[in-house]
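As the structure lists them, so they are numbered: ligands from 1, and atoms in each ligand from 1. The residues of the chain are indexed from 1 along the displayed sequence. All heavy atoms count here, side chains included; hydrogens, waters and symmetry mates do not.
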Amino acid sequence: MTSESAVHPPAPAASKFLPGPVLLLGAPGVGKGTQAQRLMADFGIPQISTGDILRDNIARGTELGRAAKGLMDQGQLVPDEMVNDMVKARLEQTDVERGYILDGYPRTLGQAEWLDRFLSLSDEKSPLVAINIQVDEQELLRRITGRRICPVCKTIYNIYSKPPKHSGVCDNEGSPLQHRSDDTENAFIERMKAYNSLTAPVIEHYSKQGRFRDVVGYRPVEEVTAFIESALRELRKAGE
Ligand SMILES: [Zn+2]
């Protein structure tokens, strides 16, 4: 404490709120990545994406990366144990001390149970809390099947919510817009099935322990962030 801090009143407690370890859940297309970026900026804590860690290990050719790539090349899932090891190594770095945002992990009940054990053995005092960004499936379907991309300038349009001025062509240079092959209704239904079957037990796991909140995801981005931050404050208050 310097003498200066006695002159200036301390910042309000609200701005010092730190959410601790946070898990962001949500179906493909709900805007999880965008929200994770915004929370990182607001709280100054890192985002931990197992997808990014995996790609990084593969790019660097680590033992883990080579093993994971071998499995993925054969069309197999990377087993929980391997993903858990990656997360363990990441959580041993010092920048996670004030909290972090897990994105895409834990994806299975086995991973969630492993993480609980790992955190209970570590110095981490706040338990992980889970936020599920919810968007109606019909709305998600429109977001995904309506998506059109300009192959030249990479602008993303949506024929329902953000159509180009002239149907089928880019506003910027008039290139014909493309529809990605995995942006179809069938591909969406398959992805939702996989997501729901893997994630439902994860949601139940945190919800049973009172460490879970649903947040409405079909509002403007800033509003969704505000919902998430107020849910985090509630969850931390309840756990005190
Ligand atoms: Zn364009």
For this session: May I ask you to say whether Arg117 pairs ionically with Glu113, meaning some side-chain N is under 4.0 Å from a carboxylate O?
Result: no

For residues 191-198, please give each side-chain donor-acceptor pair under 3.5 Å, one per line with the distance, not counting sequence neighbours.
unit_1 : atom_1 : unit_2 : atom_2 : d
Arg191 : NH2    : Asp182 : O      : 2.8
Lys193 : NZ     : Glu190 : OE2    : 3.4
Tyr195 : OH     : Gly26  : N      : 2.9
Tyr195 : OH     : Gly26  : O      : 3.4
Asn196 : ND2    : Met192 : O      : 3.2
Ser197 : OG     : Lys193 : O      : 3.3
Ser197 : OG     : Ala194 : O      : 3.2

For this session: To the nearest 0.5 angstrom, please state how far the CZ atom of Arg66 sits from the CZ atom of Arg60.
Result: 11.5 Å

For this session: Measure the spacing between CD of Gln47 and CE of Met40 and express it to the nearest 0.5 Å.
Result: 5.5 Å

Exercise. Using a distance threshold of 2.8 Å, what protein N/O/S atoms lie below it relative to the Zn ion (ligand 1)?
Worked result: Cys150 SG, Cys153 SG, Cys170 SG, Glu173 OE1, Glu173 OE2

Exercise. Would Arg55 and Asp52 satisfy salt bridge (charged side-chain N to carboxylate O under 4.0 Å, His left out), going step by step from the backbone distance to the final call?
Worked result: CA-CA 5 Å; Arg55 279 186 288 276; Asp52 289 348; 2.9 Å; yes

Seminar exercise, completed: Between Ile48 and the options Asp95, Val22, Val96, Ile101, the side chain to side chain contact (heavy atoms under 4.5 Å, CB included) test singles out Val96

